[in-house]
J.: 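The structure follows.
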Amino acid sequence: MNFLRSNLAVRRTGDHRHMMWTTFAVGALAAIVATLLITQRMHGVLLLLNVALMLAIAAIRPRTPTVRWFRIFLFFILGVFPLWQLLAVDEIYLRLLPQDDPAVALWYFLSLAGVLVVKLTLDLNASRLGNARLPFEPGMRVSSLAYLFALLSLGALAFIYVKLGGYARIVELYDTRVEQTGTDNDPFRGLGVIQALANTSPLWIFVCLMMRRRRSVVLTAVAFVQLGVLGWLSSGIAGSRQGVVFVLVFALFIHHSFIARIRPRTIRIAGIGVALTGLLLMPLKFGLGYDDIANLSQRFAEQRDLELSMGPVSVFLFRDLSRFDVQALAIDTVTQPTYAYPMGRSFVGAIASIVPSALWSDRPDTFALEKSEIMRDFERTALDKTTLLFGMPGEFLVNFGIAGFVLSFAIPAILLVVQNNTGIRSRRWLPLQAVMWPLPFLFFLFDSNVMVYYTVRWILLFGLPMAFVLRQPRRSRQTAIDTLAPPIRG
């Protein structure tokens with residue numbers, strides 16, 4: 001009886017805290033809305049649509065931890081950052097449409113409809129979410145095939161450095177590209193698949209060092225240190241933050257799934273460390289360096305000719321983590337009666353982009369063709385091809401119109417379901433589940449050609465091969481045989 005009373009008390013306390021936080025959130029939201037309306041900082045219709053959008057996102061049931069993170073992600077990239085950019089009036093390389101422009105209101109309405117598509121898709125697949133995970137089973141090993149992949153990836157990395165003239169030459173080439181901010185000066189042009197294979201080298205080395213019968217503290221330290229070293233040499237040197245961050249995330253997942261469980265507190269600390277790594281690599285993306293970090297915003301404004309409310313932080317929030325301004329301009333373009341829809345041409349170009357130009361010289365262009373045509377009258381740079389990303393919803397919008405934008409939201413919801421059901425029957429597919437985890441999030445940030453490159457790099461060259469190099473420990477195989485064997489009748 002005492003046990004039941006204590007349980008009831010704990011439940012009442014939890015409900016009380018939940019109600020308190022909900023009341024606080026609603027009150028804070030109401031206060032913000034009232035302030036913006038009274039001070040006339042925000043258009044009333046947009047504010048109403050923004051609140052409706054946030055409520056629709058909150059209505060998505062977090063049936064799995066990944067869905068919970070996805071809901072938070074949508075809350076910021078659709079609800080917070082666009083509103084923040086409109087209030088700050090930050091224009092990043094292109095003109096920001098005013099609040100009273102019909103295209104802005106239409107973007108909010110379409111995003112609201114898209115979120116409802118996400119919710120409907122997840123609700124229809126509720127039975128496929130929240131499946132039980134396989135129990136942890138230490139002692140997994142890798143076959144000699146893993147060492148072959150490690151050698152091939154290291155060979156690809158060495159080939160790139162030899163071809164381009166060494167470390168110093170690659171740094172020089174990348175600095176030139178950053179100064180010109182264009183796509184035509186890519187030092188890695190023509191090395192797509194080779195570079196993708198080189199990017200996987202830190203993970204293959206990590207697997208070969210850690211998933212073996214005998215490990216030492218020194219070997220473990222070397223395995224983690226080389227993640228940063230090879231991650232930098234294969235991706236960071238070229239300004240690619242995702243190549244460093246994803247390597248760290250996937251390595252931690254492999255360690256947690258096959259080598260030794262990582263405590264929740266350690267996971268949180270590691271997550272903060274990975275996020276800080278991504279932030280610390282930001283100046284390199286802009287070619288600023290770290291020699292005068294205290295005046296980073298001033299040097300950014302001078303070099304990039306951008307006066308923003310928060311300097312490079314505005315670029316990180318409103319350009320790296322939001323696609324609002326480019327998608328609103330795309331809506332303004334595609335709703336014109338004279339606009340001709342490509343009907344999926346850019347997706348064909350994305351798939352064709354993985355074929356080396358030496359084998360297919362006249363291969364179709366990527367989405368850069370359509371989006372550059374749209375941005376030509378709005379973008380501040382004089383580049384022939386824009387480097388701005390529209391996100392996959394934006395690309396569906398340009399290809400198929402308003403219906404394409406809304407219905408595309410079903411794809412990340414389906415990816416959430418597929419990712420959740422990958423690896424629930426056999427542990428060998430867990431690495432594939434790991435590299436699929438970011439896909440629903442990246443869908444809103446990347447164009448199709450970048451998504452295809454991600455698929456080649458992390459899924460085809462690492463996640464899938466890992467399923468064939470894993471070897472179960474002997475005792476697990478014997479247990480499986482005993483389970484499948486028919487009972488002996490006396």
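If you're wondering where the values come from, they're calculated on a predicted model, not measured in any experiment.
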J.: Can Val450 and Met392 be said to form a side chain to side chain contact (heavy atoms under 4.5 Å, CB included), step by step?
T.: CA-CA 10 Å; Val450 187; Met392 290 295 286; over 6 Å; no

J.: Under 3.5 Å, side chain of Arg261 to main-chain N/O of His256, donor-acceptor pair present?
T.: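 Side chain of Arg261 to backbone of His256: a pair is present.
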
J.: Please tell me if the side chains of Trp204 and Phe462 come closer than 4.5 Å, counting only heavy atoms from C-beta onward.
T.: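 SC-SC contact between Trp204 and Phe462 confirmed.
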
J.: Are any of the side-chain heavy atoms of Arg323 and Leu388 separated by less than 4.5 Å?
T.: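 No, every pair of side-chain atoms sits at 4.5 Å or beyond.
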
J.: Under 30°, 30 to 60°, or over 60°: which ring-plane class applies to Phe441 and Phe70, parallel, tilted or perpendicular?
T.: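 It falls in the perpendicular class, over 60°.
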
J.: Can the ring centres of Phe253 and Phe258 be said to be less than 6.0 Å apart?
T.: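 For Phe253 and Phe258, the ring centres are not under 6.0 Å apart.
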
J.: Between Phe405 and Phe396, is the ring centre distance below 6.0 Å?
T.: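 Between Phe405 and Phe396, the centre distance exceeds or equals 6.0 Å.
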
J.: Tell me whether Asn421 contacts the main-chain N or O of Arg128 through its side chain, where contact means a donor paired with an acceptor under 3.5 Å.
T.: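 Pair found, side chain donor or acceptor close to backbone of Arg128.
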
J.: Quick one: do Ser346 and Glu395 satisfy side chain to side chain donor-acceptor pair (under 3.5 Å)? Show the steps, please.
T.: CA-CA 8 Å; Ser346 66; Glu395 188 168 349; 2.6 Å; yes

J.: Return each pair, listed once, that meets side chain to side chain donor-acceptor pair (under 3.5 Å) where at least one residue sits in residues 456-466; pairs must be two or more places apart or across chains.
T.: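 For residues 456-466, and leaving out neighbouring residues, the side chain to side chain donor-acceptor pair (under 3.5 Å) pairs sorted by first residue read Asn199-Arg457, Gln242-Arg457.
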
J.: With a 6.0 Å cut-off on the ring centroids, do Phe446 and Tyr454 count as close?
T.: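 Phe446 vs Tyr454: aromatic centres not under 6.0 Å.
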
J.: Pairing donors with acceptors under 3.5 angstrom, does anything connect the side chains of Thr64 and Asn420?
T.: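 Asn420 and Thr64 do not have a side-chain donor-acceptor pair below 3.5 Å.
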
J.: Does Ser257 offer a backbone N or O that forms a donor-acceptor pair with the side chain of Arg427 under 3.5 Å?
T.: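 Yes.
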
J.: Between Asp365 and Arg345, is there a side-chain N and carboxylate O pair less than 4.0 Å apart?
T.: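 No, this pair does not count.
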
J.: Please assess Met210 against Ile254 for the test side chain to side chain contact (heavy atoms under 4.5 Å, CB included), listing each intermediate value before the final yes or no.
T.: CA-CA 9 Å; Met210 296 297 293; Ile254 290 170; over 6 Å; no

J.: List the steps and the verdict of side chain to side chain contact (heavy atoms under 4.5 Å, CB included) for Leu430 and Met466.
T.: CA-CA 9 Å; Leu430 287 178; Met466 273 293 292; over 6 Å; no

J.: Please assess Ser353 against Asn449 for the test side chain to side chain donor-acceptor pair (under 3.5 Å), listing each intermediate value before the final yes or no.
T.: CA-CA 7 Å; Ser353 66; Asn449 60 309; 6.0 Å; no

J.: Using 30° and 60° as the class limits, which term best fits the ring planes of Phe347 and Phe400: parallel, tilted or perpendicular?
T.: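 Taking Phe400 first and then Phe347, their aromatic rings lie parallel (interplane angle under 30°).
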
